[in-house]
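The structure appears below as structure tokens.
Residue numbers start from 1 in every chain, and the chains themselves are labelled A, B, ... in the order their sequence lines are given, proteins ahead of strands. A quick note: this is a predicted structure, and the numbers were derived from the prediction, not measured.
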Amino acid sequence: MSRNAEVAALLDEMADRLEATGVEYKPRAYRQAADNIRGHTVAVGTLAAEETVDEIDRVGDAIAAKVVEYIETGEIEELEALREELPVDIDAVTRVEGVGPKTAADLYEALGVETLDDLEAAAEAGEIQEVKGFGPKTEQNILGNIDFARESHERELLGEAQPLADRVLAHLRDHDAVEAVDTAGSLRRWRPTVGDVDILAASDDGEAVVEHFTDFEATVIEAGTSKASLRANGMRVDLRVVVPSEWGAALQYFSGSRDHNIVVRNRAIERDLKVNEYGVFDISDVDDPDAGQRVGERVAGETEQSMYAALDLPLVPPELREDRGEIEAAANDDLPALVTEDDLRGDLHLHTDASDGDGTVAEMIEGAARRGYDYLAVTDHATGPGMVGGVGVDDDALLELAERVRTAAADTDLTVFTGVEANIGADGTVSVADDVLAELDCVVASPHVSLDSDGTDRLLAAVEHPEVNVLGHPTGRLLNRREGLDVDMEAVAAAAAANDTALEINANPHRLDLRGGYVKQAIEAGATIVIDTDAHAASNLSFARFGVHTARRGWAEADDVLNTRDADAVADFLGL
DNA sequence: GCCGTTTTCGGCCCGACTGTTTTCAGTCG
């Protein structure tokens with residue numbers, strides 16, 4: 001298992017515990033380091049061995065030493081001491097809305113609360129309202145939020161949150177008072193998972209919009225005059241309504257990320273400007289810039305573009321707003337022209353009822369045609385490591401399937417490539433005989449077993465295999481379920497570039513593998529990316545949307561992506 | 001604890017909201 005997420009969680013816990021004890025500034029340093037370790041594309045285990053942990057942004061000597069200590073001993077001594085000092089399940093207790101680290105510490109000191117059960121018991125017994133600084137309302141809020149805290153310890157999949165957001169957006173657009181509406185937050189940045197669904201609307205009549213919002217089929221959590229929250233499909237949906245003149249400022253502000261906005265604000269300060277959710281303000285002639293939210297001359301705010309323009313920047317696409325160098329690139333007029341869904345002309349990884357898919361070859365061709373594609377590759381599962389229950393197709397049957405695909409191809413204008421999804425074994429071998437692979441147009445090779453180790457050598461072997469064209473879902477991760485392989489992406493991408501093997505962004509919402517960070521690294525190393533849906537039914541071809549936005553998070557341009565090319569160029573890439 | 005076209009010390013984004021208080025602390029995004 002990649003241990004980056006594990007290490008990041010511990011550093012976040014350190015941040016919470018330091019904050020609980022009233023330490024200033026350090027918590028933020030730990031949280032930023034944790035975020036960057038979580039998003040780093042090289043495994044911390046590898047970095048620890050090479051003594052280069054501090055190459056990660058915002059990780060200095062002290063945190064690097066703690067990471068190495070954890071890798072080597074399985075513990076961080078200082079964290080153990082903090083746990084002993086405050087023996088509270090701080091992760092669980094702070095999951096209750098309104099309860100943060102300091103509240104957790106206060107309730108431990110006063111009432112000995114260590115767990116969610118303790119917290120609930122204390123609230124039910126009326127003990128919390130007796131604690132200094134607490135009152136009956138706080139106690140009731142805690143009680144009301146405990147159940148949800150118990151259920152919700154996973155983030156929501158983008159692939160589930162976005163369709164819900166689409167329905168909410170459509171519902172809001174139906175109302176005459178709504179002048180503009182969009183998603184915000186991590187959903188607008190198309191992160192693979194999101195905490196909640198953030199919606200922003202522009203209107204001069206906030207109350208009417210909120211009221212209409214609460215008509216959406218869902219449970220109302222709270223509803224005020226300009227914001228409201230619902231619970232729908234187990235997800236929290238937050239709406240904010242702003243006046244149209246402040247739409248751009250609010251959209252920029254609420255889209256984040258927090259770190260991106262910090263860089264934006266710092267750039268504003270350098271220019272004697274102030275950025276907030278109401279606009280950009282010129283504070284060069286203002287005595288006290290902190291006197292209010294709308295101090296100074298307002299120079300931007302109606303559109304997002306105006307916000308960035310006021311800072312001498314072009315609009316930064318939301319997918320890039322992660323503080324990964326996008327402001328610097330924007331300042332140098334060096335932002336990528338990101339790939340779009342319209343650029344896609346085909347799909348090179350999908351399944352039929354020959355293996356575990358639901359659709360026939362003809363149905364999948366029809367589905368691709370409906371999307372306006374020029375080509376597709378039929379890549380059913382081969383037998384081999386990870387294929388259980390007779391799902392995989394054996395070598396002889398693969399050749400028969402290829403023949404059927406060629407027959408079906410004669411009835412369509414689309415180019416239909418024969419193919420296979422072969423399995424990469426733990427030792428890097430590919431599960432189909434070379435002479436069979438040689439008969440097929442498009443060979444996808446994917447790891448399906450031993451996904452909890454370092455996979456670099458296996459993936460290198462697959463990438464260098466002369467018959468392999470696409471490395472499918474390279475890390476094998478499953479969101480919320482399994483971290484997937486640790487991979488030295490620079491090495492794999494360099495080998496992929498040298499061997500004309502495309503690296504896949506698997507657009508299945510449970511995978512989104514490669515993720516954005518790896519995509520960026522792969523492109524920088526010269527590799528070709530391919531955006532595939534791994535569709536197991538024609539309807540799954542619509543997953544392409546999530547793959548495209550993942551590619552955009554990896555700064556991918558159309559030229560970086562194999563399946564933006566025409567069928568002849570793809571055939572050429574496949575060596576046909 | 002981290003960081004630097006205010007560089008090796010002295011700062012660290014900004015504001016709304018809530019509930020508890022009489023001026024503010026904590027949480028959230």
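Using atom C1' as the reference point in both B:dG10 and B:dG19, the two lie 34 Å apart (nearest Å). The same atom, C1', is picked in B:dT23 and in B:dT18; the two are 15 Å apart, to the nearest Å. Taking atom C1' on both nucleotides, B:dC9 is separated from B:dC14 by 25 Å, rounded to a whole Å. B:dT20 sits 16 Å from B:dC28 when the P atoms are compared, rounded to a whole Å. If you take atom P in B:dG26 and the same atom in B:dT21, they sit 13 Å apart, rounded to whole Å. Comparing B:dG4 with B:dG15, their P atoms sit 25 Å apart, to the nearest whole Å. Between B:dT6 and B:dC12, the distance separating the two P atoms is 15 Å to the nearest Å.
Whole-Å rounding puts the A:Leu273 CG to B:dC13 C1' distance at 15 Å. Distance, A:Glu270 CD to B:dC13 C1': 14 Å, rounded to whole Å. Atom-to-atom, CD1 of A:Ile269 to P of B:dT6 comes out at 12 Å; the value is rounded to the nearest Å. Note: CZ (A:Arg31) to P (B:dC12) measures 18 Å, nearest angstrom. Atom CD1 of A:Ile262 and atom P of B:dC13 are 5 Å apart (whole Å). Atom P of nucleotide B:dT18 and atom CD of A:Glu97 are separated by 12 Å, given to the nearest angstrom. Between the CG atom of A:Asp35 and the C1' atom of B:dC13 there is a distance of 15 Å, given to the nearest Å. As a whole-Å value, the separation of A:Glu24 CD from B:dC13 P is 13 Å.
At a cut-off of 3.5 Å, with distance as the only test, no side-chain donor of A:Asn266 or A:Glu270 sits close to an acceptor on the other residue. A:His260 and A:Glu322 share no donor-acceptor pair across their side chains, judged by distance under 3.5 Å alone. Between the side chains of A:Ser229 and A:Arg236, at least one donor-acceptor pair of N or O atoms lies under 3.5 Å.
Checked against B:dC17, B:dG1, B:dG15, the side chain of A:Tyr278 finds its nearest nucleotide in B:dG15. You'll find that the side chain of A:Ile63 is closest to B:dG1, out of B:dC14, B:dC13, B:dG1. Minimum atom distance to the side chain of A:Arg58 is reached by B:dC3, of the listed B:dT27, B:dG1, B:dC3. Of the candidates B:dG19, B:dC14, B:dG1, B:dC14 carries the atom nearest the A:Asn276 side chain, counting heavy atoms from C-beta on. Set against B:dC14, B:dG26, B:dC2, the side chain of A:Ala62 has B:dC2 as its closest nucleotide.
Within the nucleic acid shown, A:Asp238 has no heavy atom closer than 4.0 Å to any nucleic acid atom. Nucleic acid contact class of A:Val59 (heavy atoms, under 4.0 Å, all strands): sugar-phosphate only. Using a 4.0 Å heavy-atom cutoff across all strands shown, A:Pro101 reaches sugar-phosphate atoms only and no base atom. Across all strands, A:Val96 comes closer than 4.0 Å only to sugar-phosphate atoms, never to a base (heavy-atom distances). Counting any heavy atom pair closer than 4.0 Å across all strands shown, A:Lys26 reaches a base atom.
Dashed line: the shortest gap from a side-chain N or O of A:Arg28 to OP1 or OP2 of B:dC13 is under 4.0 Å. Within the 4.0 Å cut-off from OP1 or OP2 of B:dC13, not a single side-chain nitrogen or oxygen of A:Lys274 is found.
By the criterion of a centre-to-centre distance under 5.5 Å and near-parallel planes under 30°, the ring of A:Tyr25 forms a stack with the base of B:dC12.
The partner of B:dT8 cannot be assigned: no Watson-Crick or G-U wobble pair with both contacts below 3.5 Å exists in any strand.
Salt bridge present: A:Glu304 and A:Arg321 bring a charged side-chain N and a carboxylate O closer than 4.0 Å. Between A:Glu78 and A:Lys66 there is a salt bridge, since at least one side-chain N of the basic residue sits less than 4.0 Å from a carboxylate O of the acidic one. With respect to A:Asp282 and A:Arg271, no salt bridge is recorded, no charged nitrogen being found less than 4.0 Å from a carboxylate O. Using a 4.0 Å cut-off between a side-chain N of Lys or Arg and a carboxylate O of Asp or Glu, A:Arg83 and A:Glu80 qualify as a salt bridge.
The residue among A:Asp106 and A:Tyr30 whose nearest nucleotide of DNA chain B lies closer to the 5′ end is A:Tyr30. Mapping A:Asn141 and A:Thr94 onto DNA chain B via the closest heavy atom, the residue that lands nearer the 5' end is A:Asn141.
Not counting sequence neighbours, A:Asp54 has no partner by the salt bridge (charged side-chain N to carboxylate O under 4.0 Å, His left out) test. Here A:Arg167 pairs with nothing under the salt bridge (charged side-chain N to carboxylate O under 4.0 Å, His left out) rule; sequence neighbours left out.
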- Message: Using the rule given for salt bridge (charged side-chain N to carboxylate O under 4.0 Å, His left out), can you reason through A:Arg191 versus A:Glu156, listing the C-alpha separation, both sets of side-chain angles and the distance that settles it, and then say yes or no?
- Response: CA-CA 10 Å; A:Arg191 281 194 54 175; A:Glu156 312 294 343; over 6 Å; no
Pairs: protein N or O with nucleotides 20-24 of chain B N or O, under 3.5 Å:
unit_1: B:dT20; atom_1: OP1; unit_2: A:Gly135; atom_2: N; d: 2.6
unit_1: B:dT20; atom_1: OP1; unit_2: A:Gly135; atom_2: O; d: 3.0
unit_1: B:dT20; atom_1: OP1; unit_2: A:Pro136; atom_2: N; d: 3.4
unit_1: B:dT20; atom_1: OP1; unit_2: A:Thr138; atom_2: N; d: 3.4
unit_1: B:dT20; atom_1: OP1; unit_2: A:Thr138; atom_2: OG1; d: 3.2

